[in-house]
Amino acid sequence: MIIDNAVYLDGHRAAHPETLEQTFETLDAVGGSMAWIGLYRPTIEEMAEVAQEFHLHDLAVEDAINAHQRPKMERYDQMLFTVLRPARYVDETETVEFGELHIFTGPNYVVTVRHAETAGVGLVRKRLETNPDLLRLGPEAVLYALLDRVVDDYRPVVAGLENDIDEIEDQLFANDPSVSRRIYELTREVLQFQRAVHPLKRLIEGLESGFTKHGTDIELQRSLRDVHDHLEHIVSRADEFRDVLQNALVLDGTLTSNRQNETSLAQNEQVKRISSWAAIFFAPALVTGIYGMNFKAMPELEWDLGYPYALVLMVVAGFVLWLIFKWKQWL
């Protein structure tokens, strides 16, 4: 699907072709112009048409169609192929959604291919169209503006993850049973976020190393260094989040173990009490059981004080056992 299709001349939109064929014709007819074609999950036929006109490399085209690529930058002669992983924080579900943006830049064209619902590319286009001086610098300016937008969109993600981690700290000490699952989910999101931002450091450093070779405009150099500074902060925060979550997972395991130990100790105390009272009541039962056998030659059978003697014996035995268990702190 073609989202936007325009030809720019001297920093201004010179034409808005309805088809790719018209774009190619206008680009050939107007010298010094630049085409910017925005595609959303294009078909093989659409990508083949663009690839044939701009001589895009087959490997890069295959990556753009199949998606699921890591952030990277590859140069094929005069064409630069860049893969970015935009991200956004969804407040309703408290989750991070990741997209994928492929950018082809050449001498007089920019082709953006995205595989997720995001307004980032459209906002960058509007921003550049209101800044002809920047857009006049050509495809490099578009690439740097897209990088800047992607990195800026990481900031709300960092804020959202930070808030989620703060909530986890509260859950940990509130004995919330769902905290373990939440820590795992957040750790997975942070790992995905790291996979999106870490490669960007090498990508931007590669662009910076080519400033002199490719004669990059001084304003674009400053813009990219600013993006690099912001990215460094984001990468640092992502690494901190991972460390905090690892510590939270260890703490959760420790607290869970402590709670299990406390439960086990409480159960042991109950078992001690039950066993103690069972032993105390067993002593009278033993005496009555012996005397209840009624053998003819049983001692004290004809004794007048036999019955009181048996009662006293039962009470004394029970009392002695109670004193023993009390001394051992079982009762």
Side-chain angles (χ1 to χ4, degrees), residues 1-8 20 23-24 27 33-87 98-116 118 120-122 124-125 128 135 137-151 153-154 195-211 213-217 220-221 223-224 227-228 231:
M1 182 186 299
I2 301 175
I3 300 299
D4 204 345
N5 182 14
V7 175
Y8 297 91
L20 292 175
T23 303
F24 304 147
L27 191 63
S33 58
M34 177 191 74
W36 184 353
I37 301 171
L39 303 174
Y40 173 66
R41 294 180 179 173
T43 63
I44 296 177
E45 293 75 15
E46 287 173 334
M47 277 305 304
E49 188 176 358
V50 174
Q52 183 178 0
E53 178 65 27
F54 296 131
H55 306 290
L56 305 182
H57 197 279
D58 293 342
L59 293 177
V61 172
E62 183 181 352
D63 287 346
I65 293 174
N66 296 329
H68 304 295
Q69 302 295 314
R70 60 178 177 80
K72 62 181 179 179
M73 178 174 287
E74 297 173 343
R75 183 174 292 277
Y76 300 92
D77 298 326
Q78 291 184 310
M79 186 204 80
L80 194 63
F81 177 58
T82 308
V83 179
L84 304 178
R85 295 297 305 274
F98 295 90
E100 193 166 335
L101 176 63
H102 301 251
I103 309 167
F104 297 87
T105 50
N108 62 345
Y109 65 84
V110 177
V111 179
T112 54
V113 181
R114 57 187 178 89
H115 293 270
T118 174
V121 177
V124 170
R125 189 187 288 265
L128 290 175
L135 188 55
L137 298 176
E140 272 191 336
V142 177
L143 175 60
Y144 292 173
L146 289 170
L147 278 169
D148 185 36
R149 179 70 196 189
V150 168
V151 172
D153 286 345
Y154 287 153
R195 294 190 189 105
V197 300
H198 271 282
L200 282 186
K201 289 180 62 177
R202 296 190 297 272
L203 188 151
I204 292 178
E205 288 167 358
L207 287 174
E208 290 176 335
S209 65
F211 281 163
K213 178 180 178 181
H214 300 288
T216 304
D217 182 83
L220 290 183
Q221 294 184 32
S223 174
L224 191 64
V227 174
H228 197 176
L231 182 64

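When reading the values below, keep in mind they use all heavy atoms of this one structure, side chains included, and skip hydrogens, waters and symmetry mates.
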- line: Closest heavy-atom pair, Arg125 versus Gly38, reported as atoms and distance to 0.1 Å, is NH2-N, 3.8 Å

field: side-chain contact (heavy atoms from CB on, under 4.5 Å) assessment of Val61 paired with Val50
entry: CA-CA 9 Å; Val61 172; Val50 174; over 6 Å; no

task: State which residues pass side-chain contact (heavy atoms from CB on, under 4.5 Å) with His55; sequence neighbours excluded, sorted by chain then number.
output: none

field: Neighbour count above 12 (heavy atom, 6.0 Å) for Asp77 CG
entry: no

query: Rounded to the nearest 0.5 Å, how far apart are CD1 of Ile44 and CD of Glu62?
result: 10.0 Å

message: Please determine whether side-chain contact (heavy atoms from CB on, under 4.5 Å) holds for the pair Leu56 and Met79, giving the CA-CA distance in whole Å, both sets of side-chain angles, and the decisive distance to 0.1 Å.
response: CA-CA 7 Å; Leu56 305 182; Met79 186 204 80; 3.5 Å; yes

Atom CD of Glu205: over 12 foreign heavy atoms under 6.0 Å: yes

field: Side-chain donor-acceptor contact under 3.5 Å, Arg85 with Tyr154
entry: no

query: Atom CG in Leu143, atom OG1 in Thr112: separation rounded to 0.5 Å?
result: 11.5 Å

message: Looking at every heavy atom in both Pro199 and Pro71, which two are closest together, and how far apart are they?
response: CB-O, 3.5 Å

task: Taking all heavy atoms of Leu39 and all of Ile3, pick out the closest pair and write down the distance.
output: C-CG1, 4.3 Å

task: Drop me the distance from His115's NE2 to Leu101's CG, to the nearest 0.5 angstrom.
output: 9.0 Å

task: Identify the two heavy atoms, one from Pro139 and one from Gly106, that lie closest to each other, and give their separation to 0.1 Å.
output: CG-O, 3.1 Å

field: No-hydrogen, no-angle side-chain donor-acceptor test under 3.5 Å, Gln69 and His102
entry: no

message: A quick test of your reading: do over 12 heavy atoms of other residues, nucleotides or ligands sit less than 6.0 Å from CD of Gln78?
response: no

message: My understanding is that only residues two or more places apart in sequence, or in another chain, count here; which of them pass side-chain contact (heavy atoms from CB on, under 4.5 Å) with Val142?
response: Met34, Trp36, Val110, Leu128, Leu135, Leu146

message: Ignoring hydrogens, what is the shortest heavy-atom contact between Gly120 and Arg149? Give both atom names and the distance.
response: O-CG, 4.0 Å

task: Could you grab the distance from atom CD of Glu140 to atom CG of Leu80, nearest 0.5 Å is fine?
output: 9.0 Å

message: How close do Val113 and Pro42 get, counting heavy atoms only, and between which atoms?
response: CG1-CD, 3.4 Å

field: Heavy-atom side-chain proximity of Arg195 to Phe98 below 4.5 angstrom
entry: no

task: Please lay out, stage by stage, how Ile103 and Val111 fare under the test side-chain contact (heavy atoms from CB on, under 4.5 Å).
output: CA-CA 6 Å; Ile103 309 167; Val111 179; over 6 Å; no

task: Give the C-alpha distance, both sets of side-chain angles, the deciding distance and a yes or no for side-chain contact (heavy atoms from CB on, under 4.5 Å) between Val124 and Val121.
output: CA-CA 5 Å; Val124 170; Val121 177; 5.7 Å; no

field: Nearest-0.5 Å distance that lies between atom CZ in Phe54 and atom CZ in Phe104
entry: 11.5 Å

- prompt: Considering residues at least two apart in sequence or located in another chain, which fulfil the side-chain contact (heavy atoms from CB on, under 4.5 Å) criterion with Ser33?
  reply: Val7, Leu9, Leu27, Val30

4.5 Å side-chain heavy-atom contact, Leu207 and Leu147: yes

- request: Drop me the distance from His68's NE2 to Glu100's CD, to the nearest 0.5 angstrom.
  value: 7.0 Å

- prompt: Is a side-chain donor or acceptor of Asp148 paired with a backbone partner of Tyr144 at a separation under 3.5 angstrom?
  reply: no

field: Option from Val83, Leu200, Leu203 for which side-chain contact (heavy atoms from CB on, under 4.5 Å) with Lys72 holds
entry: Val83

message: With a 3.5 Å distance limit and no angle check, can you tell me whether His228 reaches the backbone of Glu208 through a side-chain donor-acceptor pair?
response: no

query: Quick one: does Glu46's side chain have a donor or acceptor within less than 3.5 Å of a partner on Thr43's backbone?
result: yes

